[in-house]
Amino acid sequence: MSSSGRRRIDEIGDESRRRILDAAEELFAERGFERTSFVDIAERSGISRGSIPWHFKNKEGLVMAVVERAVDRFLGPARYDSVPSLSELVHDYATWVRSGNSALMFSVLTEAMNSSGAVHAQYREFLEQRRSGVESWLRAQRPEGVDPAVAAEKERAVAIILTGAVTGIHLQSVVDPDGVDLEEALRSLVTLVGGSVADLWTGSTPDEPPAAKKRGSGSRKRTG
């Protein structure tokens, strides 16, 4: 096959994928995850039903692809001309949450936790991509002269912490929207960890927590 022919096939594949994602995103917003079928998505997209699992394996894989594309739309590197601040990132995250479809990322969470198959692997890959994005953001701010291996280890740990914190706040706001102020919680997160991130590469981390004072230390010695 000529290179132009292969390129045309790739273009057709990319267009089919985009149309499936567009249709799925619309239908998930209108009907919800459970009430949307591959037949519905095929009818809305104009793409055959059999093509959907070829692109996305299963419905859970399609949901993750919808979420990933939405995240990139609001938080992708192409949005920023320079390295954004943590405050900018959480603001854009909140904007994505308010867009309406962000709760989809939790729709398959229970199955992912209770499975060791495809759904588990897809969700793990999704989380890895989110952490990788945070690591890349931190690495772009890494000062010169630090040990790359040590820096990478610290950046990985902070990526886990930030991803967990933001995801946890997001989940709480979905489950209890009246009890959790998403924006205020995210602003508080920035306040709590902002300085720590700035000191990430220069701060020292003790191997062990400080030893507790021995009982009775500092008290007057009892006599006879």
Side-chain angles (χ1 to χ4, degrees), residues 14-38 40-47 52 55-56 58-112 119 122-137 159 162-191 193:
D14 291 343
E15 175 64 13
S16 296
R17 181 182 174 88
R18 184 192 64 75
R19 286 167 61 182
I20 292 168
L21 286 170
D22 287 346
E25 187 169 3
E26 291 173 3
L27 287 165
F28 288 147
E30 293 170 11
R31 305 180 186 179
F33 172 72
E34 296 294 341
R35 297 178 61 188
T36 300
S37 69
F38 277 180
D40 298 327
I41 295 168
E43 291 178 353
R44 177 71 63 92
S45 67
I47 305 296
I52 300 175
H55 282 285
F56 301 102
N58 51 38
K59 191 175 176 182
E60 290 78 13
L62 176 57
V63 168
M64 290 294 95
V66 167
V67 171
E68 287 168 11
R69 189 177 69 157
V71 171
D72 287 341
R73 190 182 301 143
F74 288 93
L75 291 159
R79 282 182 50 83
Y80 306 104
D81 295 327
S82 58
V83 180
S85 66
L86 182 59
S87 181
E88 288 178 279
L89 289 175
V90 298
H91 174 271
D92 291 342
Y93 190 95
T95 302
W96 169 57
V97 171
R98 290 194 300 270
S99 70
N101 252 357
S102 68
L104 281 174
M105 67 181 291
F106 303 115
S107 297
V108 294
L109 178 58
T110 300
E111 187 172 354
V119 177
Q122 289 159 355
Y123 212 96
R124 181 181 62 196
E125 181 180 358
F126 169 75
L127 291 176
E128 286 175 350
Q129 290 175 349
R130 304 280 68 78
R131 292 194 299 267
S132 178
V134 177
E135 287 183 59
S136 296
W137 171 70
L162 284 177
T163 302
V166 171
T167 303
I169 293 169
H170 182 182
L171 176 59
Q172 291 180 75
S173 72
V174 169
V175 175
D176 185 13
D178 294 329
V180 176
D181 185 327
L182 175 73
E183 285 80 2
E184 182 59 32
L186 290 174
R187 282 194 293 269
S188 295
L189 177 65
V190 172
T191 300
V193 305

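One finds the CE atom of Met105 at 7.0 Å from the CE atom of Met64 (value rounded to the nearest 0.5 Å). Distance check: Thr36 OG1 to Lys59 NZ gives 6.0 Å after rounding to the nearest 0.5 Å. With values rounded to the nearest 0.5 angstrom, Ile169 atom CD1 is found 7.5 Å from Leu182 atom CG. Taking CG from Leu89 and NE2 from His91, the interatomic distance works out to 11.5 Å, rounded to the nearest 0.5 Å. If you take CG on Leu109 and OG1 on Thr167, they are separated by 10.0 Å, rounding to the nearest 0.5 Å. Taken to the nearest 0.5 Å, the CD atom of Gln129 stands 12.0 Å off from the CZ atom of Arg124.
Summarising the geometry of Trp137 relative to Leu86, their closest heavy-atom pair is CZ2-N, 3.7 Å, with the distance given to 0.1 Å. Scanning both residues, Ile41 and Ile52, for their nearest heavy atoms gives CG2-CD1, 3.8 Å. Considering all non-hydrogen atoms of both residues, Val66 and Ala24 come closest at CG2-CB, 4.0 Å. Closest of all the heavy-atom pairs between Ala65 and Arg17 is CB-NH2, 4.2 Å.
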Evaluation steps, side-chain contact (heavy atoms from CB on, under 4.5 Å), between Phe28 and Arg35: CA-CA 8 Å; Phe28 288 147; Arg35 297 178 61 188; over 6 Å; no
Glu88/Arg79 under side-chain contact (heavy atoms from CB on, under 4.5 Å): CA gap, chis, key distance, verdict: CA-CA 11 Å; Glu88 288 178 279; Arg79 282 182 50 83; over 6 Å; no
Step-by-step salt bridge (charged side-chain N to carboxylate O under 4.0 Å, His left out) determination, Glu68 to Arg73: CA-CA 9 Å; Glu68 287 168 11; Arg73 190 182 301 143; over 6 Å; no
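Between Tyr93 and Val71 there is no side-chain heavy-atom pair separated by less than 4.5 Å. Annotation: side chain of Val175 is not in contact with side chain of Phe106 (no heavy-atom distance under 4.5 Å). Here the side chains of Leu75 and Tyr80 are in contact, with some heavy-atom distance below 4.5 Å.
Salt bridge absent: Arg130 and Glu135 never bring a charged side-chain N and a carboxylate O closer than 4.0 Å. Here Arg69 pairs with Asp22 in a salt bridge; the nearest charged N to carboxylate O distance falls below 4.0 Å. Arg98 and Glu183 are joined by a salt bridge, as a carboxylate oxygen and a charged side-chain nitrogen come within less than 4.0 angstrom of each other.
Taking the six-membered ring for Trp and thresholds of 30 and 60 degrees, His170 and Trp96 have ring planes more than 60 degrees apart, a perpendicular arrangement.
One N or O on the side chain of Thr163 and one on the backbone of Ala159 form a donor-acceptor pair closer than 3.5 Å. Checking side-chain atoms of Gln122 against main-chain N and O of Gly61 turns up a donor-acceptor pair under 3.5 Å. Judged by distance alone, with hydrogens and angles left aside, the side-chain atoms of Arg19 form a donor-acceptor pair with the main-chain N or O of Ser45 at under 3.5 Å. Under the 3.5 Å distance criterion, the side-chain polar atoms of Asp40 are left unmatched by any main-chain donor or acceptor of Leu27.
For the side-chain contact (heavy atoms from CB on, under 4.5 Å) test, residues two or more places apart in sequence or in another chain that qualify with Ala103 are Val174. With sequence neighbours excluded, no residue satisfies ring pair (Phe, Tyr, Trp, His ring centres under 6.0 Å) with Phe56.
Side-chain contact of Asp92 with Thr95: a donor-acceptor pair under 3.5 Å is absent, judged by distance alone.
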